[in-house]
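Have a look at the structure below before the remarks.
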Amino acid sequence: MAVALGLLCAAEGAVRLWLWQRSGRNGELLWRQHLLWSGQTAYYAQSKNPLIDPLGFKKLPNQVLTQRKHRNEFRILVLGGSAVMGWDNALGHDWPTDLRDALQRYNTDLYVNVVNGGISGGLSFHENMQLWALRHYGWDAVVVYTGYNDLYYFFLDPSHYRATQAAYQSRFQRLNLLSEEVAAHSIIFAYLRNRRVQRQLAPDKAVFATPFGARSVSPEELLEFQNHLKQQTAEVILSCQSRHIPLLYVIQPFLSDIQRLRPLTVDERKVKQAFLKQNELAWDSIVEKHMPLLVESIQSVCQTQGVPFSYFRDILSPYSEAFYDDVHNHKSAMAVIGLEVGRLVQEKILKRSTQAWMRYQPTL
């Protein structure tokens with residue numbers, strides 16, 4: 001037994017020495033490679049997109065994210081769907097960039113570093129997995145910008161939503177977490193694990209059984225949907241609270257929801273119809289009936305746990321050209337969102353006055 005243990009330690013030492021040489025004797029590069037092999041990386045890990053960091057999150061302009069924080073660095077992780085990720089072929093075309101710039105402008109004593117953890121098509125399950133995957137970076141705050149995708153994909157096909165839930169549950173099976181923990185301490189095990197394990201956080205392509213809105217959702221399924229939202233919200237909150245990380249929840253705005261407040265303009269109706277096509281009427285009915293349920297489900301958990309919550313529908317409703325489809329924003333509207341999230345972070349998390357906060361009124 002002692003001989004076998006000695007041989008394992010010798011092998012581990014040899015692999016560590018090999019990786020140290022391979023990484024140019026750079027501790028940061030060694031750590032990043034080990035993290036990649038261990039599987040503890042974000043959703044887009046090993047993406048060929050040059051705007052995606054190899055560890056899986058979208059880069060911001062001039063961003064440097066290391067294991068060790070810079071002096072006075074304040075790190076924020078933003079979670080959500082494609083409305084967070086922004087254009088994946090344009091550096092800085094996302095509101096987390098505007099959030100960083102706004103906070104830095106009014107907190108010159110801090111080095112504000114915002115990480116864009118958005119996932120295109122991401123559901124609340126993905127937000128939870130993304131938070132776990134990026135837990136190593138010592139976050140000072142987490143912002144969740146959510147709502148649209150859960151509502152859309154659940155009512156598009158509940159079976160696909162359940163498949164994503166199953167992938168989430170598989171991701172956190174005890175055996176998988178144990179394997180990941182061993183990989184976090186052993187480079188040789190991490191290397192072997194990386195060669196064998198190719199986890200998928202969710203089905204690559206949704207195969208929808210029925211046309212959108214073609215089947216009614218039963219009261220039992222509605223309750224299931226509400227319970228999923230509450231559970232995922234509670235788990236994100238628990239994960240942050242266990243690490244003493246302040247958290248902010250934001251329900252994202254979109255045209256089909258804004259039209260419950262005011263009539264859409266001609267241009268807004270055009271971009272919305274072009275995006276939804278034959279699903280528009282069914283989707284409008286779903287938003288009218290069930291968007292309040294989604295808001296109430298997430299808000300109730302946040303209020304119970306004392307987590308700041310905001311519903312951004314009123315923030316963008318005054319602007320008539322904020323969206324280029326039902327849910328995705330133009331760059332000028334991203335600036336509004338980034339600034340408003342920044343104001344909330346400034347007030348609720350940094351506990352600093354927003355009296356001198358920039359008043360931004362762009363022409364949209």
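The figures that follow rest on heavy atoms only: side chains count, while hydrogens, waters and symmetry mates do not.
- The ring pair (Phe, Tyr, Trp, His ring centres under 6.0 Å) with Y152 is formed by just one residue from the set F225, F275, W283, F254; it is W283.
- Under the side-chain hydrogen bond (donor to acceptor under 3.5 Å, both in side chains) criterion, S186 pairs with E12, not counting sequence neighbours.
- Linking ILVMFWY residues whenever their side-chain heavy atoms come closer than 4.5 Å, directly or via other members, places F172 and V236 in the same cluster.
- For Q63 (side chain) and V114 (main-chain N/O), a donor-acceptor pair under 3.5 Å exists by modelled atom type.
- The closest side-chain heavy-atom distance from D314 to L261 is below 4.5 Å.
- Hydrophobic clustering, defined by side-chain heavy atoms of Ile, Leu, Val, Met, Phe, Trp and Tyr closer than 4.5 Å, leaves L8 isolated from every other such residue.
- Linking Ile, Leu, Val, Met, Phe, Trp and Tyr residues whenever their side-chain heavy atoms come within less than 4.5 Å leaves V182 and V15 in two separate clusters.
- Atom CD1 of I286 and atom CG of N279 lie 8.5 Å apart (nearest 0.5 Å).
- Put simply, the side chain of S297 reaches to within 4.5 Å of the side chain of L293, judged on heavy atoms.
- Chaining together hydrophobic side chains whose heavy atoms lie under 4.5 Å apart places W87 alongside Y324.
- Between the side chain of Q67 and the main chain of E28, no donor-acceptor pair closer than 3.5 Å is present.
- Two residues are said to be in side-chain contact when any heavy atoms from C-beta on lie closer than 4.5 Å; Y153 and T164 fail this criterion.
- Taking Ile, Leu, Val, Met, Phe, Trp and Tyr as hydrophobic and joining them when side-chain heavy atoms fall under 4.5 Å apart, one finds V64 isolated, its cluster having no other members.
- Under the 3.5 Å distance criterion, the side-chain polar atoms of R16 are left unmatched by any main-chain donor or acceptor of G13.
- For K331, the NZ atom is densely surrounded, since the number of other residues' heavy atoms within 6.0 Å is greater than 12.
- A single hydrophobic cluster is not seen to contain both L30 and F189; linkage of ILVMFWY side chains at heavy-atom distances under 4.5 Å, directly or through other members, places them apart.
- Annotation: ring-ring contact (aromatic ring centres under 6.0 Å, His included) contacts of H70 (sequence neighbours excluded): Y111.
- In plain terms, the two heavy atoms of P253 and L316 that are nearest each other are CG-CD1, 3.8 Å.
- Looking at R260, its side chain never comes within 3.5 Å of a backbone N or O of S256 through a donor-acceptor pair.
- A side-chain donor-acceptor contact under 3.5 Å links H34 to the backbone of A183.
- Here the closest non-hydrogen pair linking A102 and L339 is CB-CD1, 3.8 Å.
- In the model, T97 has a side-chain atom that pairs as donor or acceptor with a side-chain atom of D94 under 3.5 Å.
- Screening N116, I337, L77, D101 against P96 for a side chain to side chain contact (heavy atoms under 4.5 Å, CB included) leaves a single residue, N116.
- When every heavy atom of T233 is checked against every heavy atom of C302, the shortest pair comes out as CG2-SG, 4.2 Å.
- Between I251 atom CD1 and E296 atom CD the span is 11.0 Å, to the nearest 0.5 Å.
- Without hydrogens or angle criteria, N72 side chain to L110 main chain gives no donor-acceptor distance under 3.5 Å.
- Within a 6.0 Å radius of CG in N89, more than 12 heavy atoms belonging to other residues, nucleotides or ligands are found.
- Between atom CG of residue L123 and atom CG of residue N149 there is a gap of 6.0 Å, rounded to the nearest 0.5 Å.
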**Request:** Would you please test Y137 and V115 for side-chain contact (heavy atoms from CB on, under 4.5 Å) and show each step?
**Result:** CA-CA 10 Å; Y137 290 96; V115 168; over 6 Å; no

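- We find the CG-CG distance between D53 and L65 to be 7.5 Å, quoted to the nearest 0.5 Å.
- Residues passing the salt bridge (charged side-chain N to carboxylate O under 4.0 Å, His left out) test with D326, sequence neighbours excluded: none.
- The other residues sharing a hydrophobic cluster with L51 are L91, where clustering joins ILVMFWY side chains under 4.5 Å apart.
- Of all the heavy atoms in V287 and D257, the pair that sits closest is CG1-CA, 3.9 Å.
- Within the 4.5 Å cutoff, the side chain of K230 has heavy atoms near those of the S300 side chain.
- Taking the six-membered ring where tryptophan is involved, the planes of H290 and F155 are essentially parallel, since the angle between them stays under 30° and well short of 60°.
- In this structure, K348 contributes its side chain and V345 its backbone to no donor-acceptor pair below 3.5 Å.
- Applying the ring-ring contact (aromatic ring centres under 6.0 Å, His included) criterion to Y191, with sequence neighbours excluded, gives W37.
- Using a 4.5 Å heavy-atom threshold, the side chains of M85 and I119 count as separate.
- R243 places no side-chain N or O within donor-acceptor distance of the main-chain N or O of W139, the cut-off being under 3.5 Å.
- In terms of modelled atom types and a separation under 3.5 Å, the side chain of S170 and the main chain of A166 share no donor-acceptor contact.
- Within the structure, salt bridge (charged side-chain N to carboxylate O under 4.0 Å, His left out) pairs that include any residue of residues 104-128 comprise D109-R352 (at least two apart or interchain).
- Atom CZ of R262 and atom OG of S320 lie 7.0 Å apart (nearest 0.5 Å).
- With sequence neighbours excluded, no residue forms a ring-ring contact (aromatic ring centres under 6.0 Å, His included) with Y249.
- Exactly one residue among V295, L248, V250 makes a side chain to side chain contact (heavy atoms under 4.5 Å, CB included) with F309. That residue is V295.
- A donor-acceptor contact under 3.5 angstrom links the side chains of Q259 and D284, judged on distance only.
- Between S82 and H328, the side chains place a donor N or O and an acceptor N or O closer than 3.5 Å (distance only, hydrogens not considered).
- For S285, the side chain to side chain contact (heavy atoms under 4.5 Å, CB included) partners two or more places apart in sequence, or in a different chain, are K289.
- Of all the heavy atoms in L79 and G117, the pair that sits closest is CD2-O, 4.3 Å.
- With no hydrogens or angles considered, no side-chain donor-acceptor pair links N329 and Y319 at under 3.5 Å.
- A 4.5 Å side-chain heavy-atom check between N107 and F74 finds every atom pair outside the cut-off.
- Between the CG atom of L276 and the CG atom of L281 there is a distance of 10.0 Å, given to the nearest 0.5 Å.
- For T66 against R68, the heavy-atom pair with the smallest separation is OG1-O, 2.5 Å.
- Checked for salt-bridge contact, E180 and R171 meet the test: a charged N lies under 4.0 Å from a carboxylate O.
- A distance-only check finds a donor-acceptor pair linking the side chain of N227 to the backbone of L223 [under 3.5 Å].
- Here E347 pairs with R343 in a salt bridge; the nearest charged N to carboxylate O distance falls below 4.0 Å.
- Between F323 and K272, every side-chain heavy-atom pair lies at or beyond the 4.5 Å cut-off.
- W20 is not connected to L29 by any chain of hydrophobic side-chain contacts under 4.5 Å among Ile, Leu, Val, Met, Phe, Trp and Tyr, and they are in different clusters.
- The side chain to side chain contact (heavy atoms under 4.5 Å, CB included) test applied to H136 returns W31, L35, Q40, not counting sequence neighbours.
- In this structure the side chain of L344 reaches within 4.5 angstrom of the side chain of S310, judged on heavy atoms.
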